[in-house]
Amino acid sequence: MPTDLEAHPATCGPVDDATAERLAAALRCVTVSREGPEPAAGGAADAEFERLAAHLERSFPRVHAELELERFGHSRLYTWRGVDPTRTAAVLLAHQDVVPADDPDPWTHPPFAGVVDEEFIWGRGAIDDKSRVLAILEAVESALAGGLRPRHTVHLAFGHDEEVFGNDGAVRMAARLRELGTYADLLLDEGGVVTEGIVEDVPVPVATIMLGEKGYATVRLSVAATGGHSSMPGRQTAVGRLARAVGRIQDRPMPLRVTPVVTDMLARLRPHLPATKRRLLGFAGVAGPVITRIMAATPQTEALVRTTTAPTVIRGGVKANVLPQQAEALINFRILPGDTVDSVLAHCRRTVRDDQVVIELVGMSSEPSPVTGPGPQFDLIARLTRQVVPDAAVTTGLVPGATDSRHYDDLAATRCNFAPIRLTAADLERIHGNDERLSRVNYARLIDFNRRLVTALAEPDRAR
């Protein structure tokens with residue numbers, strides 16, 4: 001049965017079978033990225049990326065005949081030369097890799113079967129993020145067929161390891177663009193979508209065009225202790241000491257704070273809110289603490305006003321009657337602009353107050369990105385969004401997770417993380433979860449939006 005979202009009128013109908021099948025064929029390529037050393041060349045993962053590459057080149061012949069292509073591992077950097085190639089209009093990002101689907105049993109269809117039915121295109125990557133790779137290529141292929149050429153150069157950068165931080169793909173492509181002296185008007189990547197029923201008291205869909213992203217850090221807490229028999233423990237075991245430290249950090253999160261992008265977001269949503277909340281936001285300067293407490297009431301909005309704290313892994317002990325000699329926990333932080341990786345570490349040490357607990361960073365970390373203010377390129381994305389989803393309230397925000405665009409932050413005047421697909425809370429849970437799928441209508445919106453974007457970049461009067 002169709003979802004409630006598909007009952008809304010769309011600016012275009014669902015995609016046809018051939019278009020849906022091109023996306024489905026890409027979903028059948030098992031381009032899973034996993035943390036750890038790069039797999040050996042010629043292995044199964046390598047073959048799946050090459051299968052996807054062949055599919056893209058076969059499906060979009062004009063793109064591959066007329067655009068320049070450089071490869072960085074399995075990442076693909078296309079250059080579409082403008083009439084005036086001395087300037088760069090846009091860098092359009094997407095990624096080809098997907099997260100694993102280790103337990104296929106709960107899925108309606110196998111995660112890499114690429115099933116197409118009357119309503120949906122099913123499979124891992126249908127939302128995150130192969131649909132955007134294919135939609136951009138569909139739009140550019142169509143533009144080339146129509147004889148369009150951008151006024152200024154456009155780059156398409158499709159990474160292959162975004163899900164494991166992009167070090168071999170996005171980092172290398174961004175370095176190449178710096179080498180070329182690229183500075184674009186617009187950087188567009190994944191992140192924001194059009195949600196319905198997520199923003200409390202807003203009766204219309206909300207299109208959140210993200211202007212930056214939070215930072216990322218994982219902190220390890222570790223405790224070493226003398227082992228022994230559990231019948232003669234000391235006052236505290238390594239597991240007990242560690243648990244107390246984790247509890248302290250979780251119970252004392254970093255402070256709530258309203259940043260300028262959240263102030264802008266609320267101002268844009270204010271006309272759609274009930275009168276009482278409109279009045280409260282009218283006094284935002286003095287009602288800041290009240291606003292932050294309201295936003296802290298749900299995880300989705302709390303992430304906008306706080307560096308979040310998430311204990312995710314805990315290990316310790318080997319047997320019920322043996323005192324543990326080692327115990328460790330991992331706590332993941334998504335860092336609000338204004339905080340830093342160092343301030344997160346300092347907060348942990350100040351909160352734990354135990355010299356027996358070693359506190360250190362592990363794995364990849366990144367600072368919060370610079371946040372670009374809304375400007376002409378944001379206005380362009382907002383205008384195109386209203387054309388594709390006419391009933392949406394358009395606002396700003398921050399990506400709570402990590403995307404490839406953080407590697408390109410110095411390469412564009414305006415950064416937007418957004419795709420105009422309409423998702424419910426249940427749809428959002430499918431991303432990195434079970435039964436990932438994209439409706440045919442949503443895929444049509446995505447292609448339509450990208451086609452309108454490349455058309456605007458080709459027409460001087462309409463892009464400004």
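Note: hydrogens, waters and symmetry copies are ignored here, and every other heavy atom, side chains too, is used. Position 1 is the first residue of the sequence, and the numbers go up from there. None of the values given here were measured: they were computed from a predicted structure.
The two residues Glu163 and Ser33 come nearest to each other via the heavy atoms CB-OG, 3.3 Å. Shown here for Arg51 and Cys29, the closest heavy-atom pair between the two residues is NH2-CA, 3.5 Å. For the residue pair Val154 and Ala89, the shortest heavy atom distance occurs at CG2-CB, 4.2 Å. Considering all non-hydrogen atoms of both residues, Gly191 and Met210 come closest at C-CG, 4.2 Å. Closest of all the heavy-atom pairs between Ala392 and Ala207 is CB-CB, 4.2 Å. Here the shortest heavy-atom pairing between Cys416 and Leu186 reads SG-CD1, 4.1 Å.
With contacts defined as side-chain heavy-atom distances shorter than 4.5 Å, the pair Ile335/Val341 qualifies. Looking at heavy atoms from C-beta onward, Val140 lies in side-chain contact with Leu67 at the 4.5 angstrom threshold. Inter-residue side-chain proximity for Phe158 and Leu137 is flagged as met; some heavy-atom pair is nearer than 4.5 Å. Put simply, the side chain of His152 does not reach to within 4.5 Å of the side chain of Leu457, judged on heavy atoms. By the 4.5 Å heavy-atom criterion applied to side chains, Tyr216 and Met364 are counted as neighbours. Ile198 has its side chain out of reach of Val206: every pair of non-hydrogen atoms, C-beta onward, lies at least 4.5 Å apart. Looking at Pro337 and Leu398, their side chains come closer than 4.5 Å, going by heavy atoms from C-beta outward. Between Thr309 and Arg334 the shortest side-chain heavy-atom distance does not fall below 4.5 Å.
Checking Leu411, Thr182, Leu187, Leu92 one by one against His155, the side-chain contact (heavy atoms from CB on, under 4.5 Å) holds for a single residue, Thr182.
The pair Arg452-Asp448 meets the salt-bridge criterion, with a side-chain N (NZ, NE, NH1 or NH2) lying under 4.0 Å from an Asp/Glu carboxylate O. Look at Arg257 and Asp339 and you find a salt bridge, because one of the NZ, NE, NH1 or NH2 atoms lies within 4.0 Å of a carboxylate O, short of that distance. A salt bridge links Arg178 to Asp410: one of the charged nitrogens lies within less than 4.0 Å of a carboxylate oxygen. The existence of a salt bridge linking Arg437 and Glu119 is excluded, since no basic side-chain nitrogen approaches an acidic carboxylate oxygen closer than 4.0 Å. Between Glu302 and Arg306 there is a salt bridge, with a side-chain nitrogen of the basic residue lying less than 4.0 Å from a carboxylate oxygen of the acidic one. Using a cutoff of 4.0 Å between basic side-chain nitrogens and carboxylate oxygens, Arg28 and Glu21 are scored as salt-bridged. Residues Arg22 and Asp16 are not paired through a salt bridge, judged by the lack of any N-O separation under 4.0 Å between the basic side chain and the carboxylate. Between Arg34 and Asp102 there is a salt bridge, with a side-chain nitrogen of the basic residue lying less than 4.0 Å from a carboxylate oxygen of the acidic one. Between Glu190 and Arg132 there is no salt bridge, since no side-chain N of the basic residue sits under 4.0 Å from a carboxylate O of the acidic one. Salt bridge annotation for Lys130-Glu162: absent, with no cationic side-chain nitrogen under 4.0 angstrom from a carboxylate oxygen. Between Asp185 and Arg87 there is a salt bridge, since at least one side-chain N of the basic residue sits less than 4.0 Å from a carboxylate O of the acidic one. The pair Arg315-Glu328 meets the salt-bridge criterion, with a side-chain N (NZ, NE, NH1 or NH2) lying under 4.0 Å from an Asp/Glu carboxylate O.
Under the 3.5 Å distance criterion, the side-chain polar atoms of Glu367 are left unmatched by any main-chain donor or acceptor of Gly215. Formation of a donor-acceptor pair under 3.5 Å by the Asp201 side chain with backbone atoms of Leu273 is not found in this model. Side chain of Asn450 to backbone of Ala139: no donor-acceptor contact under 3.5 angstrom is found. Not a single donor-acceptor pair under 3.5 Å links the side chain of Arg151 to the backbone N or O of Val83. A donor-acceptor pair under 3.5 Å is formed between the side chain of Ser343 and the backbone N or O of Thr340.
In the displayed structure, Glu200 atom CD is contacted under 6.0 Å by at most 12 heavy atoms of other residues, nucleotides or ligands. Around atom CD of Glu118, no more than 12 heavy atoms belonging to other residues, nucleotides or ligands sit under 6.0 Å away.
Qualifying side-chain hydrogen bond (donor to acceptor under 3.5 Å, both in side chains) partners for Thr259, counting only residues two or more places apart in sequence or in other chains: none. Every residue was checked against the side-chain hydrogen bond (donor to acceptor under 3.5 Å, both in side chains) condition with Trp80, not counting sequence neighbours, and none meets it. Partners of Ser131 under the side-chain hydrogen bond (donor to acceptor under 3.5 Å, both in side chains) rule, at least two apart in sequence or in another chain, do not exist in this structure. With sequence neighbours left out, the ring-ring contact (aromatic ring centres under 6.0 Å, His included) criterion links His347 to no other residue. Take Phe112 and apply the ring-ring contact (aromatic ring centres under 6.0 Å, His included) test, not counting sequence neighbours, and it matches no residue. Checked against side-chain hydrogen bond (donor to acceptor under 3.5 Å, both in side chains), Arg176 has the following partners two or more places apart in sequence or in another chain: Glu70, Glu179.
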Might you work through the salt bridge (charged side-chain N to carboxylate O under 4.0 Å, His left out) test for Arg430 and Glu436, ending with a clear yes or no? CA-CA 5 Å; Arg430 298 176 188 273; Glu436 188 175 349; over 6 Å; no

Checking side-chain contact (heavy atoms from CB on, under 4.5 Å) for the pair Asp404/Phe165: CA distance, chi angles, key distance, verdict? CA-CA 7 Å; Asp404 268 348; Phe165 311 125; over 6 Å; no

Go through the steps to decide whether His160 and Ser75 satisfy the test side-chain hydrogen bond (donor to acceptor under 3.5 Å, both in side chains), and finish with yes or no. CA-CA 5 Å; His160 75 276; Ser75 291; 2.7 Å; yes

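Rounding to the nearest 0.5 Å gives a distance of 4.0 Å between CG of Leu269 and OG1 of Thr395. With rounding to the nearest 0.5 Å, the separation of SG in Cys348 from CD1 in Ile249 is 4.0 Å. Atoms CG and OG, on Leu446 and Ser439 in that order, are 10.5 Å from each other to the nearest 0.5 Å. Going from atom CG of Asn417 over to atom CG of Leu93 covers 8.5 Å, rounded to the nearest 0.5 Å. For the atom pair OG (Ser405) and NE2 (His95), the distance works out to 10.0 Å, reported to the nearest 0.5 Å. In this structure, Tyr443 OH and Leu23 CG are separated by 4.5 Å, a value rounded to the nearest 0.5 Å.
Thr455 and Arg451 form a side-chain donor-acceptor contact under 3.5 Å, judged by distance and modelled atom types alone. Side-chain atoms of Asp435 and Trp107 form no donor-acceptor pair, as typed in the model, at a separation below 3.5 Å. Looking only at atom types and distance, the side chain of Thr218 has a donor-acceptor partner in the side chain of Asn332 under 3.5 Å away. Defined by atom type and a distance below 3.5 Å, a donor-acceptor pair is present between the side-chain atoms of Asp117 and Trp122. With hydrogens and angles left out, the side-chain atoms of Asp97 and Thr31 include no donor and acceptor closer than 3.5 Å. A side-chain donor from one of Thr403 and Glu213 sits under 3.5 Å from a side-chain acceptor of the other.
A cation-pi arrangement is not found for Arg172 relative to Phe72, the charged atom failing to lie both closer than 6.0 Å to the ring centre and inside a 45° cone about the ring normal.
Between His74 and Phe49, the two ring planes are parallel [angle under 30°; tilted spans 30° to 60°].
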